[in-house]
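This one's a predicted model, so the numbers in the text were calculated from it and none came from an experiment. When a residue number appears, it is its place in the shown sequence, counting from 1.
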Amino acid sequence: MMDLTVIWAFIIAFAVFAYVVMDGFDLGIGVLFPTFAVGPERDRAMNSIAPVWDGNETWLVLGGGGLFAAFPLAYAVILPATYPLIIAMLLGLVFRGVAFEYRWRDPGHRRAWDFAFSAGSLVAALAQGMTLGALLQGIRVTGRAYAGSWWDWLTPYTLLVGLGTVAGYALLGAAWLVWKLDGAGQAHARRLARGAALATLALLGLVSLYNVALRPEYAERWLTAPTLWYALPVPVVTALAGLALLRALGRDTHAQPFFLALALFALGMAGIGVTIWPNVVPPSLTIWQAAAPHRSQVFMLVGVALTLPLILAYTAWSYWVFRGKVGGDGYH
């Protein structure tokens with residue numbers, strides 16, 4: 001029987017992945033927003049995500065709340081280590097959300113709201129990537145508390161991971177627009193997706209190489225047997241998925257680039273798992289050390305077993321209802 005702590009680790013990982021891919025493409029559209037022509041082109045890009053963007057935040061709540069409930073010690077260490085990034089991310093999401101609605105209600109200041117939407121998306125995406133980088137580079141823990149400084153999160157490595165996340169989100173956003181738009185808007189999105197795909201693959205490669213040099217235990221997992229043989233399929237399949245994505249973007253495809261971009265993110269998540277497992281706070285705090293008591297995990301698992309299928313069903317239904325290409329009228 002699988003350890004309940006391991007089950008919770010997979011639940012949190014799934015929630016984080018669901019947030020990254022679902023909120024990632026609308027953050028990516030925000031990052032790319034200044035490249036679209038003012039007027040119908042920007043409106044159609046916004047309308048492609050208007051029916052679903054706010055529901056995507058559900059996964060952020062589930063991931064953050066689940067971490068607090070299932071791994072309270074990890075929550076108590078990670079947040080103090082990344083407070084500036086978390087605050088920046090939340091402010092970016094607030095500006096993005098407010099601008100999303102007000103650009104339609106206040107057309108006289110639409111240029112300002114468009115800037116808030118784009119800047120908020122960029123700040124949120126960069127902060128999320130740098131938070132991941134801060135976790136991967138290692139967090140100093142003494143006893144059961146964070147032992148680092150206010151600025152430990154700011155390093156060249158975290159900036160590199162942040163830029164990689166921004167590029168990846170831009171790829172998701174552009175690939176989503178390739179799927180949802182047609183005509184000149186789709187052609188523009190396809191060009192953006194090609195550039196974002198090349199940037200994402202290059203930065204993914206640089207981060208992977210940096211990881212091997214970052215900590216000796218990371219190098220051991222990726223470069224020495226027997227873990228090498230379990231880890232080797234991840235970069236190989238990632239390279240194949242990247243080539244397939246570039247090929248799909250060179251043809252008249254619609255949905256295929258988006259799903260291949262999702263595959264790249266799934267493989268990236270698998271790579272992170274290989275790199276840090278079984279730690280939840282590298283280099284020293286494992287999932288078992290950070291876990292809540294067994295009874296608490298059982299109690300919460302019952303709630304998740306009831307609510308998670310409902311969230312998945314509602315999410316699938318909402319995407320089904322608003323399927324197809326975006327027309328001129330749009331959601332608003």
Using a 3.5 Å distance criterion without hydrogens, assess whether the side chain of Asp23 forms a donor-acceptor pair with backbone atoms of Tyr19. no
I want to check something: taking the side chain as every heavy atom from C-beta on, are Asp114 and Phe33 in contact at a cut-off of under 4.5 Å? yes
On a heavy-atom basis, which atom in Ala290 and which in Ala74 lie closest, and how many Å separate them? CB-N, 3.8 Å
Under a 4.5 Å cut-off applied to non-hydrogen side-chain atoms, are Phe14 and Ile11 in contact? no
Quick one: closest heavy-atom pair of Leu260 and Ala248, and the distance? CD1-CB, 4.0 Å
Connected via hydrophobic side-chain network under 4.5 Å: Trp277 and Ile7: yes
Taking Ile12 as the starting point, is it possible to reach Ile86 by hopping between hydrophobic residues whose side chains are less than 4.5 Å apart? yes
Between atom CG of Leu177 and atom CD1 of Ile29, what is the distance when rounded to the nearest 0.5 Å? 4.0 Å
Hey, can you tell me if Phe25 and Trp176 have their rings parallel, tilted or perpendicular (30° and 60° cut-offs)? parallel
Result of checking Leu154, Thr155, Leu163 against Met130 for side-chain contact (heavy atoms from CB on, under 4.5 Å): Leu154
Just checking Arg295: does its CZ atom have more than 12 heavy atoms from other residues, nucleotides or ligands closer to it than 6.0 angstrom? no
For the pair Tyr102 and Trp113, name the ring-plane relationship: parallel under 30°, tilted 30 to 60°, perpendicular over 60°. tilted
Have Ser208 and Asn211 got a donor and an acceptor in their side chains that come within less than 3.5 Å? no
Looking at Leu214, is its backbone amide N or carbonyl O close enough to the side chain of Gln137 to form a donor-acceptor pair, meaning the two atoms are under 3.5 Å apart? no
Mutual orientation of the aromatic rings belonging to Tyr169 and Phe265 [parallel < 30°, tilted 30-60°, perpendicular > 60°]: parallel
Taking atom CG of Leu60 and atom CE of Met22, what is their separation to the nearest 0.5 Å? 13.5 Å
For Val234, is there any backbone N or O sitting under 3.5 Å from a side-chain donor or acceptor partner on Thr238? yes
Start with the C-alpha gap between Leu79 and Phe68, add the side-chain angles, then the distance that decides, and say whether side chain to side chain contact (heavy atoms under 4.5 Å, CB included) holds. CA-CA 10 Å; Leu79 255 69; Phe68 174 75; over 6 Å; no
Heavy-atom side-chain proximity of Glu41 to Leu181 below 4.5 angstrom: no
Non-hydrogen side-chain atoms of Leu264 and Leu201 separated by less than 4.5 Å: yes
Rounded at 0.5 Å granularity, tell me how far CD1 in Ile139 sits from OG1 in Thr82. 6.5 Å
Return yes if some donor-acceptor pair links the side-chain N/O of Arg110 with the main-chain N/O of Arg103 below 3.5 Å, else return no. yes
Just do the side chain to side chain contact (heavy atoms under 4.5 Å, CB included) check on Thr158 and Leu136 with the steps written out, would you? CA-CA 9 Å; Thr158 61; Leu136 288 172; over 6 Å; no
Quick one: does any side-chain atom of Thr286 pair with a main-chain N or O of Asn279 as donor and acceptor, under 3.5 Å? no
Looking at Tyr319, I want to see if its OH is surrounded by more than 12 non-hydrogen atoms of other residues, nucleotides or ligands under 6.0 Å. yes
If you look at every heavy atom in Ala261 and Leu172, which pair is closest and at what distance? CB-CD2, 3.8 Å
I'd like to know if Phe10 and Leu267 are part of one continuous hydrophobic network [Ile/Leu/Val/Met/Phe/Trp/Tyr, side-chain heavy atoms within less than 4.5 Å]. no
Using the rule given for side chain to side chain contact (heavy atoms under 4.5 Å, CB included), can you reason through Thr315 versus Trp59, listing the C-alpha separation, both sets of side-chain angles and the distance that settles it, and then say yes or no? CA-CA 10 Å; Thr315 301; Trp59 299 104; 4.2 Å; yes
Just one of Arg44, His254, Lys325 clears the side chain to side chain donor-acceptor pair (under 3.5 Å) bar with Asp182, so which one? Arg44
Quick check on the 6.0 Å ring-centre criterion: do Trp320 and Trp317 meet it? no
Establish whether Leu246 and Val237 are linked, either directly or via other cluster members, by ILVMFWY side-chain heavy-atom contacts under 4.5 Å. no
Count I, L, V, M, F, W, Y as connected when their side-chain heavy atoms are under 4.5 Å apart, and connections chain through other members. Are Leu93 and Val166 then in the same cluster? yes
Whether the side chain of Tyr146 engages the backbone of Ser149 through a donor-acceptor N/O pair (distance < 3.5 Å, no angle test) should be reported. yes
Would a line drawn from the ring center of Tyr83 to the ring center of Trp153 be shorter than 6.0 Å? no
Quick one: does Arg96's side chain have a donor or acceptor within less than 3.5 Å of a partner on Ser121's backbone? no
For Ala231, does its backbone N or O pair with a side-chain atom of Arg221 as donor and acceptor, under 3.5 Å? no
Measure across Ala292 and Ala69 and return the closest heavy-atom pair with its distance rounded to 0.1 Å. CB-O, 3.3 Å
Stepwise side chain to side chain contact (heavy atoms under 4.5 Å, CB included) test for Thr35 and His188: CA-CA 9 Å; Thr35 71; His188 181 52; 3.4 Å; yes
Side chains of Leu62 and Leu308: closer than 4.5 Å at any heavy-atom pair? yes
Strictly distance-based, threshold 3.5 Å: is any side-chain N or O of Thr5 a donor or acceptor partner for the main-chain N or O of Trp288? no
Could you state the interatomic distance from CG (Leu73) to CD (Gln289), rounded to the nearest 0.5 Å? 8.5 Å
Is there a donor-acceptor pair under 3.5 Å between the side chain of Thr200 and the backbone N or O of Ala167? yes
The reported gap from CD1 in Ile78 to CZ in Phe71 (rounded to nearest 0.5 angstrom) is 10.5 Å
For Ala175 and Ala193, work out which heavy atoms get closest and say how close. N-CB, 4.3 Å
Near Phe95 CZ, under 6.0 Å, is it more than 12 heavy atoms from other residues, nucleotides or ligands? no
Measure the shortest side-chain to side-chain distance between Phe100 and Ile49 over non-hydrogen atoms and say whether it is less than 4.5 angstrom. yes
Can you name the nearest heavy-atom pair linking Leu4 to Val298, along with the distance? CD2-CG2, 3.5 Å
Interatomic spacing from CE in Met46 to CH2 in Trp104 - rounded to 0.5 Å: 6.0 Å
